[in-house]
Amino acid sequence: MPVQLTSLRAIPLTATFAAMYGDESRVPDEIKRPSSHFQSIPRTGQFSTLVFAQASDGTHGYGECFGLPSPHAAAELVNRVIAPALVGRTMDNPSMMLDSVQRYFLALGHTKGTAREAVSGVDIALWDLIARREDTPLHALLGGEPKPIPTYVSPIPFLPHIDATAAAARRVVQGFDAVKMKIGRDPADDLAHITAAREALGPDIGLMLDANCAYTLEQALWLADKLAPLNINWLEEPLRPDDRAGLRELIARSSVPIAGGENEFTPSDIITLVQECGLRIVQPNISRVGGVSAMLELDRLLTPFGGKIAPHGVGGSITVAASLHTCLALQSFSVFEVNQLPNPLRDDLGTSAHRGARGRMTPPSGPGHGSAVPEASITPYRDAAARVA
(Lines give C-alpha, C1' and ligand atoms only; values in the text may rest on other atoms or scores of the structure.)
Protein backbone atom coordinates (compact mmCIF):
# COMPACT_ATOMS: atom_id res chain seq x y z
CA MET A 1 0.00 0.00 0.00
CA PRO A 2 1.45 3.45 -0.88
CA VAL A 3 2.71 5.50 2.04
CA GLN A 4 0.75 8.72 2.53
CA LEU A 5 1.39 11.98 4.32
CA THR A 6 -0.98 11.83 7.30
CA SER A 7 -0.03 14.92 9.30
CA LEU A 8 1.65 18.28 8.66
CA ARG A 9 1.82 20.92 11.38
CA ALA A 10 3.82 24.07 12.11
CA ILE A 11 4.49 25.53 15.55
CA PRO A 12 5.94 29.03 16.11
CA LEU A 13 8.70 29.25 18.71
CA THR A 14 10.31 32.20 20.48
CA ALA A 15 13.37 32.32 22.73
CA THR A 16 13.50 35.81 24.19
CA PHE A 17 16.78 37.51 25.01
CA ALA A 18 15.24 38.62 28.31
CA ALA A 19 14.81 34.97 29.30
CA MET A 20 18.35 34.10 28.13
CA TYR A 21 19.95 36.89 30.17
CA GLY A 22 17.59 36.83 33.14
CA ASP A 23 16.10 40.27 32.49
CA GLU A 24 15.61 42.68 29.60
CA SER A 25 17.93 45.21 31.24
CA ARG A 26 20.82 42.69 31.14
CA VAL A 27 20.67 42.05 27.40
CA PRO A 28 23.81 43.57 25.77
CA ASP A 29 23.06 46.21 23.17
CA GLU A 30 25.13 44.38 20.56
CA ILE A 31 22.79 41.38 20.97
CA LYS A 32 19.66 43.49 20.46
CA ARG A 33 21.27 45.52 17.67
CA PRO A 34 23.85 43.17 16.09
CA SER A 35 23.77 44.76 12.62
CA SER A 36 22.81 47.91 10.76
CA HIS A 37 19.20 46.94 10.01
CA PHE A 38 18.42 46.31 13.68
CA GLN A 39 19.49 49.76 14.87
CA SER A 40 16.00 51.28 14.67
CA ILE A 41 13.98 48.12 15.42
CA PRO A 42 16.03 46.04 17.86
CA ARG A 43 15.72 42.28 18.10
CA THR A 44 13.91 40.80 21.10
CA GLY A 45 14.96 37.17 20.68
CA GLN A 46 15.39 34.23 18.37
CA PHE A 47 12.47 32.87 16.36
CA SER A 48 11.69 29.66 14.52
CA THR A 49 8.71 28.04 12.84
CA LEU A 50 9.09 24.29 13.26
CA VAL A 51 7.33 21.95 10.83
CA PHE A 52 6.35 18.40 11.84
CA ALA A 53 5.45 15.89 9.12
CA GLN A 54 4.28 12.30 9.61
CA ALA A 55 3.65 9.48 7.14
CA SER A 56 1.16 6.62 7.35
CA ASP A 57 3.96 4.20 8.30
CA GLY A 58 4.71 6.32 11.40
CA THR A 59 7.87 7.97 10.05
CA HIS A 60 8.42 11.60 11.08
CA GLY A 61 10.20 14.46 9.36
CA TYR A 62 11.25 17.84 10.74
CA GLY A 63 11.50 21.16 8.93
CA GLU A 64 12.01 24.83 9.78
CA CYS A 65 10.86 28.09 8.22
CA PHE A 66 12.86 31.32 8.47
CA GLY A 67 11.64 32.95 11.69
CA LEU A 68 12.38 36.68 11.47
CA PRO A 69 10.72 39.01 12.22
CA SER A 70 7.94 36.76 13.59
CA PRO A 71 7.37 33.00 13.43
CA HIS A 72 3.58 33.15 13.35
CA ALA A 73 2.79 34.07 9.75
CA ALA A 74 4.60 31.07 8.23
CA ALA A 75 2.96 28.77 10.77
CA GLU A 76 -0.48 30.02 9.74
CA LEU A 77 0.23 29.36 6.06
CA VAL A 78 1.53 25.85 6.75
CA ASN A 79 -1.39 24.93 8.98
CA ARG A 80 -4.24 26.60 7.11
CA VAL A 81 -3.15 26.44 3.46
CA ILE A 82 -0.34 23.96 2.77
CA ALA A 83 -1.31 21.14 5.15
CA PRO A 84 -4.89 20.79 3.81
CA ALA A 85 -3.48 20.62 0.28
CA LEU A 86 -0.88 17.92 1.06
CA VAL A 87 -2.25 15.66 3.81
CA GLY A 88 -3.52 12.45 2.27
CA ARG A 89 -1.14 12.67 -0.69
CA THR A 90 1.14 9.75 -1.53
CA MET A 91 4.71 10.43 -0.47
CA ASP A 92 6.77 11.45 -3.48
CA ASN A 93 9.59 13.79 -4.43
CA PRO A 94 9.02 16.90 -2.25
CA SER A 95 9.35 19.25 -5.20
CA MET A 96 6.58 17.39 -7.02
CA MET A 97 4.40 17.28 -3.91
CA LEU A 98 4.72 21.05 -3.44
CA ASP A 99 4.33 21.99 -7.09
CA SER A 100 0.59 22.69 -6.88
CA VAL A 101 1.09 24.73 -3.69
CA GLN A 102 3.78 26.85 -5.29
CA ARG A 103 1.65 27.43 -8.40
CA TYR A 104 -1.21 28.46 -6.11
CA PHE A 105 0.93 31.04 -4.33
CA LEU A 106 2.32 32.24 -7.68
CA ALA A 107 -1.19 32.82 -9.04
CA LEU A 108 -1.95 34.96 -5.98
CA GLY A 109 1.26 36.98 -6.35
CA HIS A 110 2.88 35.49 -3.24
CA THR A 111 6.25 34.79 -4.85
CA LYS A 112 8.37 36.21 -2.03
CA GLY A 113 8.33 36.50 1.74
CA THR A 114 6.34 34.38 4.15
CA ALA A 115 4.73 32.11 1.56
CA ARG A 116 8.15 31.01 0.28
CA GLU A 117 9.40 30.58 3.83
CA ALA A 118 6.43 28.35 4.62
CA VAL A 119 7.11 26.24 1.53
CA SER A 120 10.78 26.03 2.52
CA GLY A 121 10.05 24.57 5.94
CA VAL A 122 7.64 22.01 4.51
CA ASP A 123 10.12 20.99 1.80
CA ILE A 124 12.82 20.41 4.43
CA ALA A 125 10.44 18.31 6.53
CA LEU A 126 9.41 16.17 3.55
CA TRP A 127 13.00 15.50 2.47
CA ASP A 128 13.85 14.58 6.06
CA LEU A 129 10.87 12.22 6.23
CA ILE A 130 11.79 10.49 2.97
CA ALA A 131 15.42 10.03 4.04
CA ARG A 132 14.31 8.65 7.43
CA ARG A 133 11.96 6.21 5.68
CA GLU A 134 14.92 4.97 3.65
CA ASP A 135 17.09 4.91 6.80
CA THR A 136 19.77 6.98 5.09
CA PRO A 137 21.43 10.34 5.80
CA LEU A 138 19.99 13.19 3.78
CA HIS A 139 23.32 13.99 2.13
CA ALA A 140 23.58 10.38 0.88
CA LEU A 141 20.04 10.49 -0.50
CA LEU A 142 21.06 13.66 -2.39
CA GLY A 143 24.24 12.07 -3.75
CA GLY A 144 26.73 13.76 -1.42
CA GLU A 145 29.74 12.28 0.34
CA PRO A 146 30.46 12.81 4.07
CA LYS A 147 33.38 15.15 4.77
CA PRO A 148 34.19 18.16 6.99
CA ILE A 149 32.59 21.35 5.69
CA PRO A 150 34.65 24.59 5.47
CA THR A 151 33.17 27.44 7.46
CA TYR A 152 33.54 30.98 8.71
CA VAL A 153 32.22 32.31 12.01
CA SER A 154 29.91 35.28 12.57
CA PRO A 155 29.45 37.93 13.70
CA ILE A 156 31.86 40.54 14.87
CA PRO A 157 28.90 42.66 15.96
CA PHE A 158 27.99 46.24 15.15
CA LEU A 159 29.83 48.06 17.94
CA PRO A 160 30.21 51.79 18.68
CA HIS A 161 33.95 51.91 19.45
CA ILE A 162 36.96 50.76 17.47
CA ASP A 163 38.66 49.18 20.49
CA ALA A 164 35.55 47.10 21.16
CA THR A 165 35.51 45.94 17.54
CA ALA A 166 39.15 44.86 17.73
CA ALA A 167 38.54 42.96 20.97
CA ALA A 168 35.44 41.29 19.54
CA ALA A 169 37.37 40.25 16.42
CA ARG A 170 39.98 38.47 18.53
CA ARG A 171 37.32 36.81 20.67
CA VAL A 172 34.87 35.69 17.96
CA VAL A 173 37.44 34.17 15.60
CA GLN A 174 38.79 31.67 18.13
CA GLY A 175 38.78 28.19 16.58
CA PHE A 176 38.12 29.45 13.05
CA ASP A 177 40.26 30.74 10.21
CA ALA A 178 37.70 33.22 8.82
CA VAL A 179 35.18 35.61 10.38
CA LYS A 180 32.40 37.94 9.26
CA MET A 181 31.98 41.47 10.55
CA LYS A 182 28.86 43.62 10.63
CA ILE A 183 29.17 47.08 9.11
CA GLY A 184 26.74 49.69 7.78
CA ARG A 185 27.58 52.95 9.58
CA ASP A 186 28.96 55.92 7.69
CA PRO A 187 31.52 54.32 5.32
CA ALA A 188 34.41 56.29 6.77
CA ASP A 189 33.51 55.08 10.27
CA ASP A 190 33.16 51.55 8.96
CA LEU A 191 36.60 51.74 7.37
CA ALA A 192 38.13 52.60 10.74
CA HIS A 193 36.39 49.60 12.36
CA ILE A 194 37.41 47.29 9.50
CA THR A 195 41.02 48.42 9.74
CA ALA A 196 41.00 47.80 13.48
CA ALA A 197 39.56 44.32 12.98
CA ARG A 198 42.13 43.46 10.31
CA GLU A 199 44.98 44.60 12.57
CA ALA A 200 43.56 42.55 15.45
CA LEU A 201 43.15 39.44 13.32
CA GLY A 202 46.44 39.61 11.47
CA PRO A 203 46.91 39.08 7.72
CA ASP A 204 46.12 35.37 7.51
CA ILE A 205 42.57 35.25 8.89
CA GLY A 206 39.77 35.56 6.32
CA LEU A 207 37.58 38.64 6.85
CA MET A 208 34.11 39.02 5.34
CA LEU A 209 32.02 42.20 5.64
CA ASP A 210 28.22 42.39 5.84
CA ALA A 211 26.55 45.79 5.40
CA ASN A 212 22.96 44.46 5.56
CA CYS A 213 21.83 46.73 2.71
CA ALA A 214 22.93 49.96 4.44
CA TYR A 215 24.74 51.87 1.67
CA THR A 216 23.96 53.93 -1.37
CA LEU A 217 25.87 53.05 -4.52
CA GLU A 218 28.19 56.02 -4.03
CA GLN A 219 28.98 54.97 -0.47
CA ALA A 220 29.60 51.36 -1.48
CA LEU A 221 31.92 52.40 -4.32
CA TRP A 222 33.90 54.66 -1.98
CA LEU A 223 34.32 51.92 0.62
CA ALA A 224 35.14 49.20 -1.92
CA ASP A 225 37.96 51.36 -3.26
CA LYS A 226 39.41 51.79 0.24
CA LEU A 227 39.20 48.07 1.04
CA ALA A 228 41.65 46.93 -1.63
CA PRO A 229 44.73 46.74 0.66
CA LEU A 230 42.87 45.06 3.55
CA ASN A 231 42.53 41.55 2.03
CA ILE A 232 38.73 41.29 2.29
CA ASN A 233 37.09 38.03 1.21
CA TRP A 234 33.84 39.72 0.23
CA LEU A 235 31.57 42.70 0.80
CA GLU A 236 28.08 41.34 1.44
CA GLU A 237 24.78 43.01 0.63
CA PRO A 238 26.08 46.58 0.46
CA LEU A 239 22.96 47.86 -1.38
CA ARG A 240 19.20 47.51 -1.13
CA PRO A 241 18.09 44.17 -2.60
CA ASP A 242 15.95 45.91 -5.24
CA ASP A 243 18.82 48.09 -6.56
CA ARG A 244 19.91 45.75 -9.32
CA ALA A 245 21.29 48.52 -11.52
CA GLY A 246 23.44 49.68 -8.63
CA LEU A 247 24.60 46.13 -7.89
CA ARG A 248 25.61 45.64 -11.52
CA GLU A 249 27.69 48.83 -11.49
CA LEU A 250 29.25 48.05 -8.12
CA ILE A 251 30.30 44.55 -9.16
CA ALA A 252 31.78 45.91 -12.40
CA ARG A 253 33.82 48.57 -10.60
CA SER A 254 34.74 46.97 -7.25
CA SER A 255 38.12 45.35 -6.67
CA VAL A 256 36.57 43.48 -3.70
CA PRO A 257 34.25 40.50 -4.42
CA ILE A 258 30.57 41.28 -3.82
CA ALA A 259 28.27 38.70 -2.21
CA GLY A 260 24.50 38.63 -1.87
CA GLY A 261 21.23 36.89 -2.52
CA GLU A 262 20.00 36.12 0.99
CA ASN A 263 16.93 38.28 0.43
CA GLU A 264 15.92 36.46 -2.75
CA PHE A 265 13.21 33.82 -2.53
CA THR A 266 13.68 31.57 -5.55
CA PRO A 267 16.61 30.06 -7.44
CA SER A 268 15.52 31.99 -10.54
CA ASP A 269 15.68 35.29 -8.64
CA ILE A 270 19.23 34.52 -7.58
CA ILE A 271 20.26 33.45 -11.06
CA THR A 272 18.90 36.76 -12.37
CA LEU A 273 21.45 38.50 -10.13
CA VAL A 274 24.13 36.24 -11.56
CA GLN A 275 23.14 36.80 -15.19
CA GLU A 276 22.23 40.48 -15.11
CA CYS A 277 24.53 41.84 -12.41
CA GLY A 278 27.55 39.53 -12.46
CA LEU A 279 27.10 38.26 -8.89
CA ARG A 280 29.25 35.18 -8.30
CA ILE A 281 29.01 34.60 -4.52
CA VAL A 282 25.41 33.77 -3.65
CA GLN A 283 24.09 33.31 -0.11
CA PRO A 284 20.71 31.58 0.02
CA ASN A 285 18.89 30.70 3.21
CA ILE A 286 17.57 27.16 2.86
CA SER A 287 14.62 28.09 5.10
CA ARG A 288 13.39 30.87 2.82
CA VAL A 289 14.57 30.10 -0.75
CA GLY A 290 12.46 26.95 -1.12
CA GLY A 291 14.15 24.33 1.04
CA VAL A 292 16.35 21.46 -0.08
CA SER A 293 14.68 21.26 -3.49
CA ALA A 294 15.49 24.89 -4.26
CA MET A 295 19.10 24.54 -3.15
CA LEU A 296 19.55 21.64 -5.56
CA GLU A 297 17.93 23.62 -8.37
CA LEU A 298 20.09 26.66 -7.62
CA ASP A 299 23.20 24.51 -7.74
CA ARG A 300 22.18 23.13 -11.14
CA LEU A 301 21.52 26.62 -12.53
CA LEU A 302 24.61 28.23 -11.00
CA THR A 303 27.27 25.67 -11.89
CA PRO A 304 27.60 26.73 -15.58
CA PHE A 305 28.39 30.30 -14.45
CA GLY A 306 31.20 29.21 -12.13
CA GLY A 307 29.44 30.84 -9.19
CA LYS A 308 29.75 29.75 -5.57
CA ILE A 309 27.09 29.04 -2.95
CA ALA A 310 27.95 30.27 0.54
CA PRO A 311 24.75 29.49 2.52
CA HIS A 312 23.72 31.52 5.52
CA GLY A 313 23.87 29.68 8.82
CA VAL A 314 21.17 31.55 10.74
CA GLY A 315 18.25 29.69 12.26
CA GLY A 316 17.57 26.80 14.59
CA SER A 317 19.01 23.31 14.72
CA ILE A 318 16.86 22.02 11.85
CA THR A 319 17.99 24.76 9.46
CA VAL A 320 21.64 24.20 10.32
CA ALA A 321 21.42 20.41 10.00
CA ALA A 322 19.50 20.50 6.71
CA SER A 323 21.87 23.14 5.31
CA LEU A 324 24.98 21.14 6.13
CA HIS A 325 23.64 17.91 4.66
CA THR A 326 22.59 19.73 1.51
CA CYS A 327 25.97 21.48 1.20
CA LEU A 328 27.60 18.07 0.82
CA ALA A 329 25.57 17.49 -2.35
CA LEU A 330 26.20 20.88 -4.04
CA GLN A 331 28.83 21.10 -6.77
CA SER A 332 29.07 24.87 -6.35
CA PHE A 333 29.29 24.92 -2.55
CA SER A 334 32.01 27.16 -1.14
CA VAL A 335 31.77 27.88 2.60
CA PHE A 336 29.16 27.76 5.37
CA GLU A 337 28.42 30.43 7.97
CA VAL A 338 28.56 29.41 11.63
CA ASN A 339 26.47 32.00 13.43
CA GLN A 340 27.24 32.33 17.13
CA LEU A 341 24.66 34.79 18.39
CA PRO A 342 22.98 33.18 21.42
CA ASN A 343 20.20 30.88 20.22
CA PRO A 344 18.77 28.04 22.32
CA LEU A 345 16.55 27.07 19.36
CA ARG A 346 19.78 26.10 17.62
CA ASP A 347 21.85 24.86 20.55
CA ASP A 348 19.32 23.29 22.94
CA LEU A 349 16.69 21.77 20.61
CA GLY A 350 17.45 18.85 18.36
CA THR A 351 20.92 17.55 17.58
CA SER A 352 23.80 19.96 17.08
CA ALA A 353 26.30 19.62 14.27
CA HIS A 354 29.85 18.70 15.25
CA ARG A 355 32.56 21.34 15.00
CA GLY A 356 36.12 20.19 14.43
CA ALA A 357 39.52 21.73 13.75
CA ARG A 358 39.56 25.16 12.11
CA GLY A 359 35.81 25.38 12.56
CA ARG A 360 35.06 22.61 10.07
CA MET A 361 31.52 21.30 10.53
CA THR A 362 30.07 17.79 10.25
CA PRO A 363 26.27 17.49 10.04
CA PRO A 364 24.39 15.38 12.58
CA SER A 365 24.61 11.66 11.85
CA GLY A 366 21.82 9.17 11.42
CA PRO A 367 18.92 9.08 8.95
CA GLY A 368 17.50 12.28 7.48
CA HIS A 369 19.20 15.51 8.45
CA GLY A 370 19.81 13.98 11.87
CA SER A 371 18.15 16.63 14.03
CA ALA A 372 14.84 15.52 15.51
CA VAL A 373 12.96 17.87 17.85
CA PRO A 374 10.56 15.99 20.13
CA GLU A 375 7.47 18.09 20.66
CA ALA A 376 7.79 17.83 24.45
CA SER A 377 11.13 19.66 24.28
CA ILE A 378 9.68 22.82 22.73
CA THR A 379 7.26 23.63 25.56
CA PRO A 380 9.19 26.61 27.06
CA TYR A 381 9.58 28.25 23.66
CA ARG A 382 6.06 27.45 22.56
CA ASP A 383 4.69 29.12 25.69
CA ALA A 384 6.85 32.17 25.02
CA ALA A 385 5.49 32.36 21.48
CA ALA A 386 1.95 32.24 22.79
CA ARG A 387 2.58 35.13 25.15
CA VAL A 388 3.77 37.45 22.39
CA ALA A 389 1.09 36.41 19.87
Side-chain angles (χ1 to χ4, degrees), residues 10-50 62 64-75 153-176 179-182 184-185 193 197 200 210 212 287 312-321 337-355 359 364 371-389:
I11 300 176
L13 304 181
T14 297
T16 65
F17 291 141
M20 292 181 219
Y21 286 88
D23 186 83
E24 176 67 30
S25 63
R26 298 178 182 175
V27 182
D29 198 57
E30 63 265 24
I31 298 299
K32 293 184 289 185
R33 297 177 174 84
S35 53
S36 62
H37 58 319
F38 289 116
Q39 297 306 298
S40 59
I41 303 178
R43 295 186 61 165
T44 58
Q46 298 284 5
F47 307 96
S48 173
T49 305
L50 286 187
Y62 303 87
E64 182 180 351
C65 314
F66 192 82
L68 286 169
S70 168
H72 298 278
V153 66
S154 74
I156 302 171
F158 195 93
L159 295 164
H161 304 298
I162 293 172
D163 290 347
T165 292
R170 288 188 289 266
R171 180 181 70 253
V172 172
V173 79
Q174 295 299 314
F176 292 84
V179 61
K180 185 161 77 179
M181 174 180 176
K182 295 292 188 176
R185 311 167 187 84
H193 282 264
D210 187 357
N212 291 108
S287 57
H312 270 239
V314 296
S317 63
I318 302 299
T319 290
V320 173
E337 175 185 13
V338 178
N339 183 275
Q340 291 200 325
L341 289 175
N343 188 355
L345 305 180
R346 178 193 63 219
D347 300 332
D348 298 340
L349 292 181
T351 305
S352 298
H354 173 72
R355 195 178 93 195
S371 187
V373 181
E375 194 162 342
S377 68
I378 69 175
T379 298
Y381 310 109
R382 190 176 186 174
D383 289 349
R387 285 196 295 272
V388 300

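For the single chain, residues carry numbers from 1 onward in sequence order. Side chains are part of it too, since the values below use all heavy atoms of this structure and drop only hydrogens, waters and symmetry mates.
- The distance from the NZ atom of Lys32 to the CZ atom of Phe17 is 10.0 Å, given to the nearest 0.5 Å.
- A search for side chain to side chain contact (heavy atoms under 4.5 Å, CB included) contacts involving Pro155 returns Lys182, Asn339, Leu341, not counting sequence neighbours.
- Applying the ring pair (Phe, Tyr, Trp, His ring centres under 6.0 Å) test to Tyr62 and every residue at least two apart in sequence or in another chain returns Phe52.
- Counting only heavy atoms from C-beta outward, the side chains of Ser35 and Asp210 never approach each other to under 4.5 Å.
- Rounding to the nearest 0.5 angstrom, the gap separating the CD1 atom in Ile156 from the CD atom in Glu30 is 13.0 Å.
- Closest approach of Leu345 and Ala15 over heavy atoms only: CG-CB, 4.0 Å.
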Pairs under 3.5 angstrom only: tabulate donor-acceptor contacts from the side chains of residues 157-173 to other protein residues two or more places apart or in another chain.
unit_1	atom_1	unit_2	atom_2	d
Thr165	OG1	His161	O	3.4
Thr165	OG1	His193	ND1	2.7

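- By the 4.5 Å heavy-atom criterion applied to side chains, Ser48 and Tyr381 are not counted as neighbours.
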Verify side-chain contact (heavy atoms from CB on, under 4.5 Å) between Gln46 and Arg346, making sure each step is shown before the conclusion. CA-CA 9 Å; Gln46 298 284 5; Arg346 178 193 63 219; 5.6 Å; no
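- Counting only N and O atoms by type, the side chains of Glu64 and Thr319 include a donor and acceptor under 3.5 Å apart.
- Taking Glu375 as the reference, Arg9, Ile11, Ile378, Arg382 meet the side chain to side chain contact (heavy atoms under 4.5 Å, CB included) condition, with sequence neighbours excluded.
- Atom OG1 of Thr49 and atom CD1 of Ile318 lie 12.5 Å apart (nearest 0.5 Å).
- Here Thr44 pairs with Phe47 under the side chain to side chain contact (heavy atoms under 4.5 Å, CB included) rule; sequence neighbours left out.
- For Asp23, the side chain to side chain contact (heavy atoms under 4.5 Å, CB included) criterion is met by Ser25, Arg26, not counting sequence neighbours.
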